[in-house]
Amino acid sequence: MTGIMTEKTALSVRDMIVTFDEYVALDHVSVDVATGESFGIVGESGSGKSTLLRAVAGLNRFDSGALAVDGRSYSSGRRDKEFYRTVQMVFQDPYGSLHPRQTVDRLLLEPLVIHGFDDIDVRIARALDEVGLGAGFRFRYSHQLSGGQRQRIAIARALILEPKILLLDEPTSALDASIQAEILNLLEQARKDRNLTFVMVSHDLGVISHMCERVAVMKSGKIVETVPVEALEKREFSADYTRQLLVASEGFRRG
Ligand SMILES: Nc1ncnc2c1ncn2[C@@H]1O[C@H](COP(=O)(O)OP(=O)(O)OP(=O)(O)O)[C@@H](O)[C@H]1O
Ligand SMILES: [Mg+2]
């Protein structure tokens, strides 16, 4: 036991450091996310938000620190199969994250086969239904889909493995506002239905306050502060940097 997690902690990151050559991209980052919680991460470009998600997902190594998921500790290196099923990541750009020349069927089938699931037809039908795309989409190619439809497939591909944690890196920022709202509602419904835990990066504080219970504010690889989202709305935060982000975000939305 590391003593850093309780039964109700889905994700615990302790003193994580990630460097790229000499550059310190994550500098002693610690985060605890409760099971079923939706936890937001905000911060200026280059502050280390994606690096944190990628290090948790096992897509980046970390130099030092501790990581525990669902009560199990993991090192920086390769994780076991159960980890890769339990923790799923959804990226900003569904054009980059889904192979364009594969059918939806193939995209959804592959993770099921890798993880040895049965009832494949039933699971694919259910997954398409859950993300609001009917059976008619099953044999379409991903290059034939709109951005919003692709992101639904990316989410279906993550959910089909019955994960516990979704790492969402700007999942809707490449989409139109109306599509963005639909995708956020879909994610929120999935979280409720499955008691999922979310860690969501967004530059949009409106999205964060709609979707998350707490938010960590990052700057230069460090977490400046972690506050409940109500604190953002009431402007109860301690760091000047958070204030600047808020002003920048409001300016952006008004413009
Ligand atoms: N594989 C890599 N090799 C070298 N440097 C990297 C690598 N990945 C990230 N970095 C650097 O680490 C820093 C943090 O990058 P990161 O992608 O985590 O920022 P971010 O907060 O997600 O920014 P954005 O909001 O623009 O997505 C940046 O300076 C980036 O250039
Ligand atoms: Mg990023």
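Indexing begins at 1, ligand by ligand and atom by atom, following the structure's order.
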Can you tell me which residues line ligand 1 if we count any heavy atom under 4.0 angstrom from one of its atoms, in chain and number order?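 Protein residues near ligand 1 are F20, Y23, A25, E44, S45, G46, S47, G48, K49, S50, T51.
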Measure up the Y141 and H143 rings against each other and bin them: parallel (under 30°), tilted (30 to 60°), perpendicular (over 60°).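 If you compare the ring of Y141 with that of H143, the planes turn out parallel.
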Pair T242, E225: side-chain N/O donor-acceptor within cut-off below 3.5 Å: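 Yes, a side-chain donor-acceptor pair sits under 3.5 Å.
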Hey, is the Mg ion (ligand 2) within less than 2.8 Å of some N/O/S atom on S50?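 Of the N, O and S atoms in S50, at least one lies under 2.8 Å from the Mg ion (ligand 2), which means yes.
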Residue that, paired with E130, satisfies side-chain hydrogen bond (donor to acceptor under 3.5 Å, both in side chains) out of R194, R152, Q189: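 One option only clears the test, and that one is R194.
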Working for side chain to side chain donor-acceptor pair (under 3.5 Å), residues S38 and E213: CA-CA 6 Å; S38 179; E213 283 113 37; 5.5 Å; no
Are any non-hydrogen side-chain atoms of T226 and V215 less than 4.5 angstrom apart?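 No, too far: nothing below the 4.5 Å cut-off.
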Restricting to side chain to side chain donor-acceptor pair (under 3.5 Å), what partner residues turn up for D80, sequence neighbours left out?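 Residues passing side chain to side chain donor-acceptor pair (under 3.5 Å) with D80: R72.
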